[in-house]
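Presented below is the structure to which this report refers.
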There are 2 protein chains.
Amino acid sequence: MVPMTASDTRTRGTDDVCCVPTAVPGLSAEEAARHVLVFKALSDPNRLRLLSIVKAGNDGEACVCDLTAPLDLGQPTVSHHLRILVDAGLLQREKRGTWAFYSLVPGSLERIAATLSGI
Amino acid sequence: MVPMTASDTRTRGTDDVCCVPTAVPGLSAEEAARHVLVFKALSDPNRLRLLSIVKAGNDGEACVCDLTAPLDLGQPTVSHHLRILVDAGLLQREKRGTWAFYSLVPGSLERIAATLSGI
DNA sequence: CACCTATATTGACATCCATCAATATTGCCG
DNA sequence: CGGCAATATTGATGGATGTCAATATAGGTG
């Protein structure tokens with residue numbers, strides 16, 4: 001194998017060399033672990049639908065009982081998903097009387113889009 | 001409980017009613033299932049780091065042997081993650097000689113950002 | 001062809017996660 | 001206070017997933 005340093009800027013082709021670590025390490029393990037929390041929250045189809053329904057709801061909010069029927073899921077499961085979305089910073093909860101109303105955290109989706117660019 | 005139709009535009013408060021399905025159903029189950037594939041691919045810290053290293057690599061590409069060491073993972077595991085990223089449409093693979101070079105699919109991150117807005 | 005290197009695939013295993021049933025909590029109303 | 005309605009929590013369970021060891025494939029070189 002031909003030796004090749006990290007500062008070598010040649011494009012590597014078939015007859016060239018490989019396995020030269022780049023100078024830029026990319027995302028650290030800590031940054032990656034932080035970013036992944038949001039994507040994990042988005043990694044369930046029912047949670048995507050929850051976000052969608054909440055966003056489309058009256059005044060941009062919806063209560064749990066609005067969300068159980070369209071998803072064909074039990075109430076505890078919906079509460080579970082909502083908790084994950086709140087923990088990820090995507091939804092916020094406001095209790096009014098017996099009901100809990102969920103709404104999008106302003107700017108949260110835009111913040112995720114920015115995270116994507118920074119990857 | 002006070003009856004309330006779906007076309008009622010009042011804001012629901014403590015002394016009001018709940019459980020009125022919205023006219024707009026939000027994301028369908030099929031759309032959600034399709035969108036979730038990409039977010040699942042982004043839901044692993046090592047895969048985020050792979051994307052980051054590939055993007056920062058020389059000519060925006062990197063081969064598998066560039067990726068094994070910084071992640072402290074075995075080569076089969078790295079290949080496994082790369083496959084998931086390719087299947088999700090985030091990376092593309094080009095084989096040159098013995099080596100396989102991976103690079104970002106142009107516009108893929110921007111497309112995900114657009115997906116987020118459409119949720 | 002024989003051998004080596006880089007990458008991919010397979011199988012096994014431990015862990016995580018979505019879901020539900022059952023139960024607890026909270027708040028309203030009589 | 002007693003009861004009811006809405007939501008949250010807990011425990012259990014089946015299925016998905018990340019990881020590795022072992023093996024297979026493909027391409028280059030002698």
Side-chain angles (χ1 to χ4, degrees), chain A residues 1-2 4 12-20 29 32-33 36-37 39-50 54 61-69 71-88 91-102, chain B residues 1-2 4 12-21 29 32-33 36-37 39-50 54 61-69 71-88 91-103:
Chain A
M1 265 215 207
V2 180
M4 185 174 183
R12 290 175 288 181
T14 303
D15 53 350
D16 218 323
V17 82
C18 194
C19 300
V20 180
V36 95
L37 295 179
F39 294 121
K40 272 186 190 294
L42 294 170
S43 303
D44 182 274
N46 287 319
R47 285 199 287 271
L48 290 185
R49 301 186 72 189
L50 284 175
V54 165
E61 64 180 13
C63 68
V64 179
C65 56
D66 285 331
L67 301 167
T68 307
L71 261 60
D72 199 40
L73 288 179
Q75 173 267 319
T77 303
V78 172
S79 272
H80 168 70
H81 285 312
L82 289 170
R83 187 195 204 291
I84 290 176
L85 290 169
V86 169
D87 289 347
L91 289 186
Q92 54 194 2
R93 193 182 95 119
E94 184 196 346
K95 196 154 192 188
R96 290 205 295 274
T98 315
W99 301 306
F101 287 83
Y102 288 85
Chain B
M1 267 216 205
V2 180
M4 185 174 181
R12 291 175 289 182
T14 303
D15 54 351
D16 219 322
V17 83
C18 194
C19 301
V20 180
V36 94
L37 295 178
F39 294 121
K40 272 185 190 295
L42 293 171
S43 303
D44 182 275
N46 287 319
R47 285 198 288 270
L48 290 185
R49 300 186 73 189
L50 284 175
V54 165
E61 63 180 14
C63 69
V64 179
C65 56
D66 285 330
L67 301 167
T68 307
L71 262 60
D72 198 39
L73 288 179
Q75 172 267 318
T77 303
V78 171
S79 272
H80 168 70
H81 285 311
L82 289 170
R83 187 194 204 293
I84 290 176
L85 290 169
V86 170
D87 288 348
L91 289 185
Q92 52 194 4
R93 194 182 94 119
E94 183 195 346
K95 196 154 191 189
R96 289 205 296 272
T98 315
W99 300 306
F101 288 83
Y102 288 85
S103 58

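The chains referred to below are lettered A, B, ... by the order of the sequence lines, with proteins before strands, and numbering in each begins at 1.
Summarising the geometry, the separation between CG on A:Asn46 and C1' on C:dC17 is reported as 13 Å, rounded to the nearest angstrom. Remark: P of D:dT17 and CG of B:Leu85 are 14 Å apart, rounded to the nearest angstrom. Rounded to whole Å, atom P of D:dT29 lies 9 Å from atom CH2 of B:Trp99. One can place CZ of A:Phe101 at 19 Å from P of C:dT26, the figure rounded to the nearest angstrom. Across the protein-nucleic acid pair, B:His80 atom NE2 and D:dA22 atom C1' stand 17 Å apart, rounded to whole Å. Atom-to-atom, CG of A:Leu37 to C1' of C:dC16 comes out at 14 Å; the value is rounded to the nearest Å. Whole-Å rounding puts the A:Asp44 CG to C:dA18 C1' distance at 7 Å. Distance A:Asp87 CG to D:dT9 C1': 14 Å, rounded to the nearest Å.
Rounded to the nearest 0.5 angstrom, A:Phe101 CZ and A:Gln92 CD are separated by 13.5 Å. Here the straight-line distance linking atom CH2 of B:Trp99 with atom CG of B:Asp66 works out to 10.5 Å at 0.5 Å rounding. The line from CG of A:Leu73 to CG of A:Leu50 is 8.0 Å long, rounded to the nearest 0.5 Å.
Contact annotation: A:Arg96 does not reach the phosphate of C:dG27 (side-chain N/O to OP1 or OP2, under 4.0 Å). Proximity of A:Tyr102 to the phosphate of D:dA6: no side-chain N or O atom is located under 4.0 Å from OP1 or OP2. Contact annotation: B:Arg83 does not reach the phosphate of C:dA8 (side-chain N/O to OP1 or OP2, under 4.0 Å).
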Polar atom pairs (N or O), protein with nucleotides 12-15 of chain D, under 3.5 Å:
none

Please list, pair by pair, any protein nitrogen or oxygen found under 3.5 Å from a nitrogen or oxygen in nucleotides 1-3 of chain D.
none

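Residues passing the side chain to side chain donor-acceptor pair (under 3.5 Å) test with B:Thr77: none are found, sequence neighbours excluded.
Here the side chain of B:Thr98 is nearest to one of C:dT9, D:dT7, C:dA6, namely C:dA6. For B:Arg47, taking side-chain heavy atoms from C-beta onward, the closest of the listed nucleotides C:dA8, D:dT7, D:dG18 is D:dG18. The side chain of A:His81 approaches C:dT19 more closely than any other nucleotide in the set D:dT19, C:dT19, C:dT7.
Of all the heavy atoms in A:Val78 and A:Thr68, the pair that sits closest is CG2-CA, 4.0 Å. Shown here for B:Glu61 and B:Ser103, the closest heavy-atom pair between the two residues is CB-CB, 4.0 Å. Shortest non-hydrogen contact noted between B:Ser79 and B:Val64 is OG-CG1, 4.4 Å.
The side-chain heavy atoms of B:Leu82 and B:Leu67, taken from C-beta on, include a pair separated by under 4.5 Å.
A residue-by-residue look at A:Lys95 and A:Lys40 shows that A:Lys40 has its nearest nucleotide of DNA chain C further toward the 5' end.
Residue pairs satisfying the salt bridge (Lys or Arg N to Asp or Glu O under 4.0 Å) criterion with at least one member in residues 74-87 of chain B, sequence neighbours excluded, are listed as follows: B:Arg83-B:Asp87.
Within a heavy-atom distance below 4.0 Å of DNA chain D, the residues of residues 72-79 of chain B found are B:Leu73, B:Gly74, B:Pro76, B:Thr77.
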Considering only distance and modelled atom types, tabulate donor-acceptor pairs under 3.5 Å from the side chains of residues 39-47 of chain B, sequence neighbours left out.
{"from": "B:Lys40", "atom 1": "NZ", "to": "A:Ser43", "atom 2": "O", "distance (Å)": "3.4"}
{"from": "B:Ser43", "atom 1": "OG", "to": "A:Phe39", "atom 2": "O", "distance (Å)": "3.2"}
{"from": "B:Ser43", "atom 1": "OG", "to": "A:Ser43", "atom 2": "OG", "distance (Å)": "2.2"}
{"from": "B:Ser43", "atom 1": "OG", "to": "B:Phe39", "atom 2": "O", "distance (Å)": "2.4"}
{"from": "B:Asp44", "atom 1": "OD1", "to": "B:Asn46", "atom 2": "N", "distance (Å)": "2.9"}
{"from": "B:Asp44", "atom 1": "OD1", "to": "B:Arg47", "atom 2": "N", "distance (Å)": "3.2"}
{"from": "B:Arg47", "atom 1": "NE", "to": "B:Ala41", "atom 2": "O", "distance (Å)": "2.7"}
{"from": "B:Arg47", "atom 1": "NH1", "to": "B:His81", "atom 2": "ND1", "distance (Å)": "3.1"}
{"from": "B:Arg47", "atom 1": "NH2", "to": "B:Lys40", "atom 2": "O", "distance (Å)": "3.1"}

